[in-house]
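Worth knowing before you read on, the calculation uses all heavy atoms, side chains too, and leaves out hydrogens, waters and symmetry mates.
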Amino acid sequence: MCLHGYQDNCASFDHLIPLLGGDRTYLCFDWPNHGGSSGTPLGTRWTIENYALTIRRVADHVQWLSPFVCLGHSMGGQVAKLFAALYPERVTRLVLLDTAGPVAMYPEEITWSARQANDKLLRFENRMTAWAGGGSRPSPVYTYPEALDRVRQRAYGPLDDEPARTLMTRYLRPGPAGEFRLANDVRLGVPYSQWFSAAQHWNVVTNIRCPTLLIRASDSDSYYNDVYGVFVDMYERNPNFRTVMVDGNHDVHMSNPSAVAMLINKFLNNKLSKL
């Protein structure tokens, strides 16, 4: 099961999956509120717990009753970790593509964070209600070059044109006059963190019992050494984790899929999971 990252869609795996072992079934889907998936009801702050439950719902729906591999990029990897900890009997192996977190929260920060999330959710929902009622300006419209440029400009480094065009197929919805509108729900701007402390995150990591491969992008070192540094220590203390480095930025599975596929294939094909 392939789990895409925050604000992405399942097309982010289109260049990777053809390079993976052909004797497996690969299931990709858009998270709720992303791409072509349906939206959640108003009044809902979608969190990592909700995403983890989505994995269970999808697996049950397609009748994947046997344990399976979870492969997750960025936020998808965060969700995969939580799912593997909650349902260890359902996951045989875990592949994490440049992921850690979510950021550990100090207890004294929780009230402030909850207030920020609540206020954001209300602002976005009021905007959505106004759009639906015609009382406010509609959502932004983009030409094809503008839409492509929006997809290419990533917080962790720009995408090449080819993977950006692939993401566009589900990231934007074309209109009758050749215009494009965002497919993702604006409420994705609301934090999805479950506000766990470092100790609570450690409980999640210690309950991951399957062989786990973390593929780190070389350009992400600053993040692993800063806000996600606590996870580096956690992963090193869990004997089931193996970490390898690959040259590239956060989206290396799209920009350099062959290098990532080689590591994944070796991990999944090796019974001892040694690299």
Side-chain angles (χ1 to χ4, degrees), residues 1-14 16-17 25-65 68 70-83 86-87 90 97 99 102 117-142 147 150-151 154 163-177 179-194 254:
M1 188 177 292
C2 303
L3 309 168
H4 68 78
Y6 170 68
Q7 295 274 20
D8 285 348
N9 54 67
C10 62
S12 67
F13 296 107
D14 281 6
L16 177 65
I17 289 177
T25 297
Y26 299 93
L27 174 62
C28 305
F29 60 91
D30 294 338
W31 289 120
N33 298 324
H34 290 74
S37 284
S38 57
T40 58
L42 293 179
T44 304
R45 185 178 79 89
W46 207 253
T47 67
I48 286 185
E49 295 100 322
N50 301 126
Y51 287 119
L53 182 57
T54 300
I55 297 177
R56 175 66 187 269
R57 291 186 192 279
V58 171
D60 289 350
H61 177 73
V62 300
Q63 298 183 11
W64 274 13
L65 304 181
F68 51 89
C70 272
L71 185 157
H73 170 242
S74 194
M75 185 193 78
Q78 296 176 12
V79 181
K81 284 188 306 181
L82 180 59
F83 180 79
L86 294 175
Y87 299 99
R90 302 296 294 267
L97 303 178
T99 189
N118 288 344
D119 289 349
K120 268 193 172 184
L121 181 63
L122 291 172
R123 284 200 304 272
F124 285 135
E125 289 187 343
N126 290 338
R127 187 185 307 172
M128 292 168 67
T129 303
W131 285 346
S136 178
R137 66 178 180 84
S139 57
V141 174
Y142 303 93
R150 181 183 176 91
V151 177
R154 312 273 285 181
R165 289 192 183 95
T166 302
L167 277 181
M168 270 187 66
T169 60
R170 305 179 73 84
Y171 186 79
L172 296 114
R173 293 193 176 103
E179 77 279 13
F180 291 85
R181 296 180 186 273
L182 294 178
N184 288 353
D185 195 304
V186 296
R187 289 174 295 170
L188 293 180
V190 179
Y192 58 80
S193 172
Q194 71 271 66
M254 289 187 273

[X] side chain vs [Y] backbone, donor-acceptor pair below 3.5 Å:
{"X": "E179", "Y": "A177", "answer": "yes"}
{"X": "H4", "Y": "W31", "answer": "yes"}
{"X": "E125", "Y": "G43", "answer": "yes"}
{"X": "R170", "Y": "A183", "answer": "no"}
{"X": "Y6", "Y": "L188", "answer": "yes"}
{"X": "T169", "Y": "R165", "answer": "no"}
{"X": "H34", "Y": "P32", "answer": "yes"}

Worked check of side chain to side chain contact (heavy atoms under 4.5 Å, CB included) between W46 and T54 | CA-CA 11 Å; W46 207 253; T54 300; 3.8 Å; yes
Measure across [X] and [Y] and return the closest heavy-atom pair with its distance rounded to 0.1 Å.
{"X": "L3", "Y": "A80", "result": "CD1-CB, 3.8 Å"}
{"X": "P174", "Y": "L172", "result": "CD-O, 3.8 Å"}
{"X": "P102", "Y": "Q194", "result": "CG-OE1, 3.1 Å"}
{"X": "Y142", "Y": "L182", "result": "CE1-CG, 4.2 Å"}
{"X": "S12", "Y": "M254", "result": "O-CG, 3.3 Å"}
{"X": "K120", "Y": "P191", "result": "CD-CD, 4.2 Å"}

So how far is it from [X] [atom1] to [Y] [atom2], rounded to the nearest 0.5 Å?
{"X": "R187", "Y": "M128", "atom1": "CZ", "atom2": "CE", "value": "4.0 Å"}
{"X": "D60", "Y": "L65", "atom1": "CG", "atom2": "CG", "value": "7.5 Å"}
{"X": "T166", "Y": "Y171", "atom1": "OG1", "atom2": "OH", "value": "15.0 Å"}
{"X": "I55", "Y": "W64", "atom1": "CD1", "atom2": "CH2", "value": "11.0 Å"}
{"X": "L86", "Y": "K81", "atom1": "CG", "atom2": "NZ", "value": "12.5 Å"}
{"X": "M1", "Y": "R90", "atom1": "CE", "atom2": "CZ", "value": "8.5 Å"}

Is there a side-chain contact between L97 and S74 (heavy atoms, below 4.5 Å)?
->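 They are not in side-chain contact.
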Side-chain contact test, heavy atoms from C-beta onward, threshold under 4.5 Å: evaluate it for M75 versus Y51 and give yes or no.
->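 Yes. Closest side-chain heavy atoms under 4.5 Å.
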Using only heavy-atom distances, determine whether the side chains of T129 and N126 contain a donor-acceptor pair under 3.5 Å.
->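 N126 and T129 do not have a side-chain donor-acceptor pair below 3.5 Å.
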Test T40 against N50 for side chain to side chain contact (heavy atoms under 4.5 Å, CB included), laying out the working first.
-> CA-CA 11 Å; T40 58; N50 301 126; over 6 Å; no
Residue R57 excluded, over 12 heavy atoms near CZ under 6.0 Å =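 Not more than 12 within 6.0 Å, no.
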Given the rule in the side chain to side chain contact (heavy atoms under 4.5 Å, CB included) test, do Y26 and F13 qualify, once you have shown the distances and angles that lead to the verdict?
-> CA-CA 10 Å; Y26 299 93; F13 296 107; over 6 Å; no
Check the pair N184, N33 against side chain to side chain contact (heavy atoms under 4.5 Å, CB included), reporting the backbone distance first and the verdict last.
-> CA-CA 6 Å; N184 288 353; N33 298 324; over 6 Å; no
Look at the aromatic rings of Y87 and F83 and report parallel, tilted or perpendicular, splitting at 30° and 60°.
->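 Taking F83 first and then Y87, their aromatic rings sit tilted (interplane angle of 30° to 60°).
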